[in-house]
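Data first, discussion second: the structure below is written as structure tokens.
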Number of protein chains: 6
Amino acid sequence: MFGARFRRENSIWLRDNRRMATLGLIEYQHASSEVRAVFDDIMTTRQTDTINNFWKALAHDPKTLRRTWQSIKEIMAPGALDAVTKEMIYLAVSATNQCGYCIASHTAAARKAGMNDAMLAELMAVVGMANETNRLASGYQVEVDERFRS
Amino acid sequence: MFGARFRRENSIWLRDNRRMATLGLIEYQHASSEVRAVFDDIMTTRQTDTINNFWKALAHDPKTLRRTWQSIKEIMAPGALDAVTKEMIYLAVSATNQCGYCIASHTAAARKAGMNDAMLAELMAVVGMANETNRLASGYQVEVDERFRS
Amino acid sequence: MFGARFRRENSIWLRDNRRMATLGLIEYQHASSEVRAVFDDIMTTRQTDTINNFWKALAHDPKTLRRTWQSIKEIMAPGALDAVTKEMIYLAVSATNQCGYCIASHTAAARKAGMNDAMLAELMAVVGMANETNRLASGYQVEVDERFRS
Amino acid sequence: MFGARFRRENSIWLRDNRRMATLGLIEYQHASSEVRAVFDDIMTTRQTDTINNFWKALAHDPKTLRRTWQSIKEIMAPGALDAVTKEMIYLAVSATNQCGYCIASHTAAARKAGMNDAMLAELMAVVGMANETNRLASGYQVEVDERFRS
Amino acid sequence: MFGARFRRENSIWLRDNRRMATLGLIEYQHASSEVRAVFDDIMTTRQTDTINNFWKALAHDPKTLRRTWQSIKEIMAPGALDAVTKEMIYLAVSATNQCGYCIASHTAAARKAGMNDAMLAELMAVVGMANETNRLASGYQVEVDERFRS
Amino acid sequence: MFGARFRRENSIWLRDNRRMATLGLIEYQHASSEVRAVFDDIMTTRQTDTINNFWKALAHDPKTLRRTWQSIKEIMAPGALDAVTKEMIYLAVSATNQCGYCIASHTAAARKAGMNDAMLAELMAVVGMANETNRLASGYQVEVDERFRS
């Protein structure tokens with residue numbers, strides 16, 4: 001009887017842990033030097049000592065890991081738009097797509113870049129309204145105004 | 001012969017024009033006083049003398065017209081985020097949803113609020129990248145990092 | 001000079017017409033007997049003498065044509081839900097997905113089944129609101145209430 | 001000792017709770033009078049003594065809470081469409097967008113409004129089919145029939 | 001110590017079980033003969049002795065169960081495209097839609113059909129890139145090239 | 001009278017042409033050397049003498065042009081998956097997202113890589129079915145099978 005309960009308990013615990021990335025996560029200590037180089041650059045650029053699960057999952061495909069990181073590094077660097085604006089746009093897209101992982105990670109990233117609760121609230125209000133009017137415009141089959149075509 | 005060509009020419013013109021909103025567009029001069037009040041407020045608030053087709057299409061449902069305008073007026077007013085940031089977030093959502101009408105109208109609105117070509121280009125780069133990584137995170141079934149849950 | 005204008009005129013007309021389905025449309029008179037059997041059943045079931053472009057495009061793949069028609073015929077038949085409710089749900093999905101063709105064709109179908117302008121307006125208001133709150137719920141990462149899980 | 005163990009137990013339970021709304025949930029007893037007024041109206045209108053997590057999460061932004069509730073209250077009231085039809089359309093949109101929270105809460109709401117299992121099944125069949133044909137129409141690049149444009 | 005384990009066990013177990021399909025799952029032994037006939041065909045066709053939760057959930061609507069299975073059986077059979085290509089396309093769509101259930105089940109199905117880790121990685125890279133450029137094309141309002149319209 | 005007709009005719013032609021990319025298209029002869037280098041690489045790699053409008057639109061942002069092309073070039077090169085499979089996956093994603101431009105351009109690209117009409121038809125059938133069952137799985141709130149989590 002105890003055995004039965006114990007097995008059940010373990011299987012529950014394991015089951016919860018097994019909700020993992022398709023190919024699993026590669027931790028720094030088990031990573032190839034190619035992957036470590038990207039992980040190092042991520043930690044240096046972002047001034048952190050942690051690597052998000054996203055990168056650990058992509059590490060199974062070092063080419064995609066490297067390319068995706070290089071693209072994000074280039075795109076998210078301050079330019080005509082500052083860092084917090086870029087992170088909020090990233091979050092707005094993720095909320096629109098309803099990507100759980102990305103909403104969680106980019107809420108954290110946007111906050112780190114300076115988004116406070118009031119900014120988050122206004123961001124979400126705009127995201128909600130845009131998603132509403134996108135469907136009203138499409139649903140009513142509204143034709144584009146002539147002056148928006150020039 | 002001229003007649004035949006003329007009719008064909010006309011049929012082209014008409015066909016193009018018939019790509020119109022499901023219920024048609026209500027112009028100011030044909031609008032009820034309830035609708036005109038909203039149109040007036042839109043033109044005053046936005047300091048313009050034109051009404052977008054979107055509002056003319058919604059005018060068939062005065063309650064939705066009024067409610068949608070009131071919500072947008074409240075949401076898009078500068079607060080914790082400034083007007084151009086809000087318009088860019090609106091555009092980012094519209095590009096993600098691929099709403100043709102909304103991309104056209106909010107590109108114009110964002111520009112009016114101060115978005116230049118360089119800002120547009122960076123905005124689109126972030127939108128593209130976010131849409132890419134949203135699917136990588138979901139496709140690889142990446143579990144949310146513990147520290148993003150607190 | 002007239003010739004030049006005429007050719008330009010023609011090129012407009014042709015270009016517009018060339019926006020056609022990938023594999024083109026198969027008209028009844030050119031259809032195989034297998035395709036004609038489906039077209040006949042569509043016209044009989046829907047009590048009409050026209051075939052939508054959708055079916056004419058699918059006619060290039062008779063198996064998909066037959067299977068899709070059989071499925072729609074079965075699903076859209078009145079049952080626990082009546083015909084107009086089903087057509088309105090179809091339209092709500094199409095507006096959410098922003099499928100231009102489907103919004104156009106199912107607006108027509110819903111009207112034929114009994115949807116009037118007031119019903120259309122309320123339908124679109126619900127569609128818009130649902131698309132808004134879907135993103136607010138996801139964007140704020142709201143956890144499902146315990147009582148909705150049982 | 002029991003205390004320590006109990007807390008650990010609680011901490012597991014809490015961890016589940018920590019998968020919580022970005023800004024957390026505001027319970028009635030901790031809510032401002034502005035928020036309580038909305039909560040009271042929700043409970044009165046819906047004839048219930050519970051507040052969904054969605055509203056508790058939005059309570060961090062009282063303006064959005066109020067506006068969203070007022071809009072939903074207005075839109076979901078019976079009019080040209082009855083309450084259960086409106087809730088089923090809401091559910092159809094939520095299923096199309098795959099919003100977990102909204103599917104759970106609006107399945108409950110639609111049932112409360114009168115949707116039974118047979119209606120749910122037919123609703124989902126329509127939603128599935130519409131999502132399929134939306135992509136067939138787009139994928140085959142089917143042009144809109146002339147008669148749907150008038 | 002036992003007490004701690006026991007309580008932990010119970011609270012976890014209950015929580016996990018309550019995340020279930022709207023109408024629950026129908027197991028083979030409780031299924032009607034109509035449902036069993038479909039279950040039998042699934043197991044024979046797929047050479048397996050397990051039925052996915054998806055089919056167990058659909059079993060509440062035997063007509064949708066039968067029609068969906070017949071469609072999938074017909075569509076996924078090798079033809080102009082082989083089985084693994086079809087499963088990978090299914091997975092690409094599911095990752096684009098971010099359907100958690102479908103990503104999990106079709107990752108398994110694609111692997112069973114022959115997809116290895118390298119193929120999965122390239123598939124996801126294409127899915128990510130396509131989602132990115134879809135929004136760049138829409139966001140920049142790029143008009144279709146003349147030569148793609150013929 | 002002729003003049004009036006002529007102007008109307010012209011206005012049609014112009015209006016059609018004005019449906020152009022937000023920032024317009026940059027042709028080779030007006031491109032900077034940085035942009036020309038990318039255009040040259042595209043034409044060499046793809047063995048063509050035409051540049052798609054997509055690249056001409058992106059040319060306004062040379063960094064995004066270069067990065068996007070480099071990524072596509074790397075991702076779409078044959079590897080564990082061959083070229084036609086990759087192009088079909090690209091098309092499957094574009095059809096799911098209903099991106100008009102991308103469906104048109106990647107239908108052409110997939111055909112150039114070897115996709116025939118029968119393959120296109122099977123591809124679209126899978127895309128349609130996947131979009132249907134994605135919503136059935138989400139709509140019925142089907143929980144992931146234990147064996148898909150390992």
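The structure displayed is predicted, hence computed values, not measured ones. For the numbers below, each heavy atom of this structure counts, side chains included, while hydrogens, waters and symmetry mates do not. Throughout, protein chains are lettered first and strands after them, A, B, ... in sequence-line order, and every chain is numbered starting at 1.
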Legend entry - E:Ile103, part contacting chain F, at a heavy-atom distance under 4.5 Å: neither

Inset, instruction - Name the option with the most non-hydrogen atom pairs under 4.5 Å to chain E; the candidates are F:Thr50, F:Thr85, F:Asn52, F:Thr107. - result: F:Asn52

Inset, instruction - Identify which one of F:Asn97, F:Asn134, F:Thr96 satisfies the side-chain hydrogen bond (donor to acceptor under 3.5 Å, both in side chains) criterion when paired with E:Asn97. - result: F:Asn134

Legend entry - Best-contacting candidate, E:Ala121, E:Gly100, E:Ala125, E:Ala80, against chain F by heavy atom pairs under 4.5 angstrom: E:Ala80

Legend entry - Proximal component of E:Ile51, with respect to chain F [non-hydrogen, under 4.5 Å]: backbone

Legend entry - Contacting region of E:Thr133 [heavy-atom separation from chain F under 4.5 Å]: both

Inset, instruction - For each of F:Ser138, F:Ala118, F:Cys99, tally heavy-atom pairs with chain E at distances under 4.5 Å, and name the one with the top tally. - result: F:Cys99

Inset, instruction - Sequence neighbours left out, what passes salt bridge (charged side-chain N to carboxylate O under 4.0 Å, His left out) with E:Glu122? Give chain and number order. - result: F:Lys86

Legend entry - Segment of E:Ala108 engaging chain F (4.5 angstrom heavy-atom cut-off): side chain

Legend entry - Region of E:Met76 in contact with chain F, defined by heavy-atom distances below 4.5 Å: side chain

Inset, instruction - Pull out the residues in residues 29-45 of chain F that come under 4.5 Å of chain E, heavy atom to heavy atom, sorted by number. - result: none

Legend entry - Worked check of side-chain contact (heavy atoms from CB on, under 4.5 Å) between F:Ile89 and E:Val127: CA-CA 7 Å; F:Ile89 291 167; E:Val127 167; 4.1 Å; yes

Legend entry - salt bridge (charged side-chain N to carboxylate O under 4.0 Å, His left out): pairs with one or both residues in residues 53-65 of chain E, sequence neighbours excluded: E:Glu27-E:Lys56

Legend entry - E:Ile75 CD1 to F:Glu132 CD distance, which is reported to the nearest 0.5 Å: 8.0 Å

Inset, instruction - Tell me, out of F:Met88, F:Gln98, F:Arg135, who's got the most heavy-atom pairs with chain E below 4.5 Å. - result: F:Arg135

Inset, instruction - Could you tell me which residues satisfy ring-ring contact (aromatic ring centres under 6.0 Å, His included) with F:Tyr101, sequence neighbours excluded, listed by chain and number? - result: none

Legend entry - Atom pair OH (F:Tyr90) and CE (E:Met129), whose distance is rounded to the nearest 0.5 Å: 6.0 Å

Inset, instruction - With a 4.5 Å cut-off on heavy-atom pairs, point out which of E:Asn116, E:Leu136, E:Val126 contacts chain F the most. - result: E:Val126

Inset, instruction - Grab the two heavy atoms, one from E:Phe148 and one from F:Ser105, that are nearest each other, plus how far apart they are. - result: CE1-CB, 3.5 Å

Legend entry - Minimal non-hydrogen separation, E:Gly139 against F:Thr22, with atom names: O-OG1, 3.7 Å

Inset, instruction - Among the options F:Gly24, F:Ala95, F:Gly79, pick out the one with the most heavy-atom pairs lying under 4.5 Å from chain E. - result: F:Gly79

Legend entry - Gap between atom CZ of F:Phe54 and atom CD of E:Glu143 - 0.5 Å precision: 13.0 Å

Legend entry - Interchain contact, F:Leu123 with chain E, by part (heavy-atom threshold 4.5 Å): both

